[in-house]
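Note that the structure is predicted; figures quoted are calculated from it, not measured. Along the sequence shown, the residues carry numbers beginning at 1.
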Amino acid sequence: MKIQTKQKYVLLAGMTGFVLGICSANLWMKEYILDIGIFNQFFLEQYNRLEIVYEEYFWYLIKNRGVFLLILTAAAGTKYRKSAVILTVIWLGFCVGMVICTAIARLGIKGIVLCVIAVMPQGVFYILSGILLFEYMLEYPVVRWNSGKTIKLIMLVLLGMITECYVNPVIIRMFLKTLLIYRTCHWQLLTNAWR
C-alpha cells in the first residue's frame, strides 16, 4: 500500500513539472521559445548534414550522464533521498513540457514525433535505470542496495549511452530526411499551385 502511495506522489510530481513546463512555455517564455533554433528548419538541415565524431560524442555523454548519475547516487546516500527523487521528477517533467510545447509550436504534430524519436531507444534504458535507483531511494530502508543492483544500474546507463551515441543519430537522420523531403515536396506543390 505504501509503495503505491509513493508511486502516486512521483507521478503527481512529474505531472506538476510537466504542467509547469507547458505553462511557462506558453505564458512567460513564449518569445524565447519561438526564437530558439533547435526546431527550426535551418537547424534540422544542419543536423542532418553534420558529421558526428562518435568517440567525442560518447565521451561527452559519459561526462554529462555520469555527472547526473553521480549526483543522484550521492543523494541516495543522504536523508534527503526522497526529496531528491521528487525534485528530479519535477525537473524532468518541466523539461519535457517545455520541449514538447516548443516542438508543437515550431513543427506541429511532427514535433511530437521528433521528440519521441529523439529519446529512442536510449530513453528506455535511462527510464529503467531511473526506476531502479528511485525505487531504492523511495523505499529505503525496506529496499536495500546491493552489488547486483549496482551492476544493473551501470549496465543500463551504459546501454543508454551506447544507443544514444550510435543508434539514435541514425534514427533521427532517417526521420529528418523524411521530414525535409516532405517539406520540400509540399513547398514545391504550393509554389506550382500559385503559378
Side-chain angles (χ1 to χ4, degrees), residues 4-50 57 60-61 63-65 67-69 71-72 75 80 82-131 133-134 137-138 160-161 163-164 168-169 171-187 189-191:
Q4 289 177 345
T5 305
K6 289 178 182 172
Q7 289 173 347
K8 287 178 186 175
Y9 283 128
V10 172
L11 183 62
L12 180 65
M15 293 308 294
T16 302
F18 184 73
V19 169
L20 287 172
I22 290 172
C23 289
S24 57
N26 284 307
L27 300 175
W28 303 293
M29 303 176 87
K30 198 170 191 171
E31 291 301 316
Y32 174 75
I33 292 296
L34 293 175
D35 288 341
I36 60 174
I38 191 167
F39 290 109
N40 71 28
Q41 186 162 356
F42 177 75
F43 178 82
L44 296 176
E45 288 172 3
Q46 292 300 315
Y47 180 86
N48 218 18
R49 293 184 194 134
L50 184 69
Y57 185 40
Y60 167 82
L61 291 174
K63 265 194 309 189
N64 285 288
R65 307 299 180 254
V67 166
F68 187 66
L69 182 63
I71 290 170
L72 276 177
Y80 303 108
K82 291 176 183 159
S83 300
V85 170
I86 298 300
L87 289 174
T88 301
V89 171
I90 289 172
W91 174 248
L92 291 173
F94 179 84
C95 292
V96 168
M98 287 279 290
V99 168
I100 287 179
C101 217
T102 306
I104 292 171
R106 300 294 291 184
L107 297 172
I109 196 75
K110 293 178 275 298
I112 295 174
V113 176
L114 180 59
C115 287
V116 171
I117 288 172
V119 295
M120 288 298 159
Q122 74 274 13
V124 174
F125 298 113
Y126 292 144
I127 288 170
L128 290 174
S129 63
I131 289 171
L133 185 59
F134 289 171
M137 292 170 77
L138 290 170
M161 288 188 285
T163 55
E164 186 174 2
N168 182 260
I171 296 171
I172 289 179
R173 282 188 175 167
M174 287 176 14
F175 176 74
L176 289 179
K177 281 180 184 170
T178 306
L179 182 66
L180 295 172
I181 288 170
Y182 169 77
R183 279 189 168 192
T184 305
C185 292
H186 185 67
W187 179 252
L189 287 172
L190 286 174
T191 317

Between Tyr126 and Val119, does a side-chain contact (heavy atoms from CB on, under 4.5 Å) hold up when you go through it step by step?
-> CA-CA 10 Å; Tyr126 292 144; Val119 295; over 6 Å; no
Tell me, do Cys115 and Val96 make a side-chain contact under 4.5 Å, heavy atoms counted?
->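 Of all side-chain heavy-atom pairs linking Val96 with Cys115, none is under 4.5 Å.
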Can you find a heavy atom in the side chain of Val113 that is under 4.5 Å from one in the side chain of Phe175?
->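 Side-chain contact under 4.5 Å: yes.
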[X] versus [Y], closest heavy-atom pair with distance:
X      : Y      : answer
Leu138 : Lys82  : O-CE, 3.1 Å
Asn168 : Ile117 : ND2-O, 3.0 Å
Gln122 : Gly160 : CB-O, 3.1 Å
Ser24  : Phe94  : OG-CE1, 3.2 Å
Met120 : Val116 : CG-O, 3.2 Å
Ala13  : Ile90  : O-CG1, 3.4 Å

So Leu176 and Leu114, side-chain contact (heavy atoms from CB on, under 4.5 Å) or not? Walk me through it.
-> CA-CA 8 Å; Leu176 289 179; Leu114 180 59; 4.3 Å; yes
Measure the CG-OG1 distance between Leu72 and Thr88 for me, rounded to the nearest 0.5 Å.
->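 It comes to 4.5 Å.
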Measure the CZ-CD1 distance between Phe134 and Ile86 for me, rounded to the nearest 0.5 Å.
->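 Going from CZ on Phe134 over to CD1 on Ile86, the span is 9.0 Å.
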Please identify each residue that fulfils side chain to side chain contact (heavy atoms under 4.5 Å, CB included) with Tyr57, with sequence neighbours left out.
-> Ile52, Tyr60, Leu61, Glu164, Cys165, Pro169
Identify, with sequence neighbours excluded, every residue that meets side chain to side chain contact (heavy atoms under 4.5 Å, CB included) alongside Ile22.
-> Phe18, Asn26, Cys101
